[in-house]
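The residues of the chain are indexed from 1 along the displayed sequence.
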Amino acid sequence: MTGNFLRTAKAARLAVTGFIYLFATQICLCSCVQEQSVFTVDVNPLGWDVSSPACIHYDNYDSLSVRTINLLVRTDGQITASSMKLEIETATPDSLRTAETVEITLPPAGRGFAETKLTYRIGVVLGRKGRYTFTVRPTEGSAAVEGVAAVGLEIFKQEAL
């Protein structure tokens with residue numbers, strides 16, 4: 001009877017030890033992974049214009065981390081322009097609004113689906129917790145752009161130096 005008890009107790013200790021090692025490994029792996037979020041919104045590939053902006057919502061829970069924000073433009077191979085100017089309007093959780101214009105170079109037509117990335121902000125701190133809304137649209141007065149399938153933002157924490 002004591003032999004079975006000793007084997008059961010040893011098995012229980014091994015299971016607990018294995019669980020502790022597994023838990024410690026997961027903590028180490030998770031702490032090494034860079035937090036990254038990618039948000040994309042489909043737009044009309046037959047003609048995206050200023051009247052149909054892409055609204056991207058980002059819920060910020062960390063008001064201290066330094067981040068990088070990249071602008072993403074996905075084309076479908078039928079692109080009609082070599083570059084395009086976009087207006088990016090940012091609305092913070094406390095209703096502050098800013099807008100600026102950026103220009104992004106697009107891949108040539110005929111290459112199928114392609115994604116172009118433009119570094120929009122480096123070293124930015126989203127200083128308020130809550131929902132940030134980024135509205136992306138072609139600039140006022142520009143012709144509708146054919147071949148843009150989606151636009152988005154990639155937001156990730158910068159590694160500490």
Could you tell me the separation between the OG atom of Ser37 and the NZ atom of Lys157, rounded to the nearest 0.5 Å? 9.5 Å
Is the shortest heavy-atom distance from the side chain of Ile155 to the side chain of Asn70 under 4.5 Å? no
Taking the six-membered ring for Trp, is the centroid-to-centroid distance between Phe39 and Tyr58 below 6.0 Å? yes
First locate atom NE2 of His57, then atom OH of Tyr132, and finally report the distance between them rounded to the nearest 0.5 Å. 15.0 Å
Test side-chain hydrogen bond (donor to acceptor under 3.5 Å, both in side chains) on Gln158 and Thr68; report intermediate values, then the result. CA-CA 6 Å; Gln158 290 181 214; Thr68 296; 3.1 Å; yes
Any donor-acceptor N/O pair, Asn60 side chain to Arg128 backbone, under 3.5 Å: yes
Within the 4.5 Å heavy-atom criterion, are Arg67 and Asp62 side-chain neighbours or not? yes
In Thr98, Thr133, Ile69, the residue satisfying side chain to side chain contact (heavy atoms under 4.5 Å, CB included) with Thr90 is Thr98
Between Val43, Val73, Asp42, which is the residue that forms a side chain to side chain contact (heavy atoms under 4.5 Å, CB included) with Trp48? Val43
If you define the side chain from C-beta out and look only at heavy atoms, does anything of Val102 sit under 4.5 Å from Leu118? yes
What are the two closest heavy atoms between Asp76 and Ile79, and how far apart are they? OD1-N, 4.2 Å
Distance-only side-chain donor-acceptor flag, Ser83 / Glu103, under 3.5 Å: yes
Identify, with sequence neighbours excluded, every residue that meets side-chain hydrogen bond (donor to acceptor under 3.5 Å, both in side chains) alongside Ser63. none
Going by heavy atoms in the side chains, are Met84 and Leu106 under 4.5 Å from each other? yes
Residues in salt bridge (Lys or Arg N to Asp or Glu O under 4.0 Å) with Glu100, at least two apart? Arg121
List in chain and number order the residues that pass side-chain hydrogen bond (donor to acceptor under 3.5 Å, both in side chains) with Gln78, two or more places apart in sequence or in another chain; answer none if no residue qualifies. none
Tell me the closest heavy-atom pair linking Pro45 and Ala149, and the distance in Å. CB-CA, 4.4 Å
Give a yes or no answer on whether the side chain of Thr92 reaches the backbone of Leu96 with a donor-acceptor pair at less than 3.5 Å. yes
Minimum side-chain heavy-atom gap Thr116-Leu72 below 4.5 Å: no
Given Leu86 and Leu71, is the side-chain contact (heavy atoms from CB on, under 4.5 Å) satisfied, shown in steps? CA-CA 10 Å; Leu86 298 172; Leu71 173 68; 3.7 Å; yes
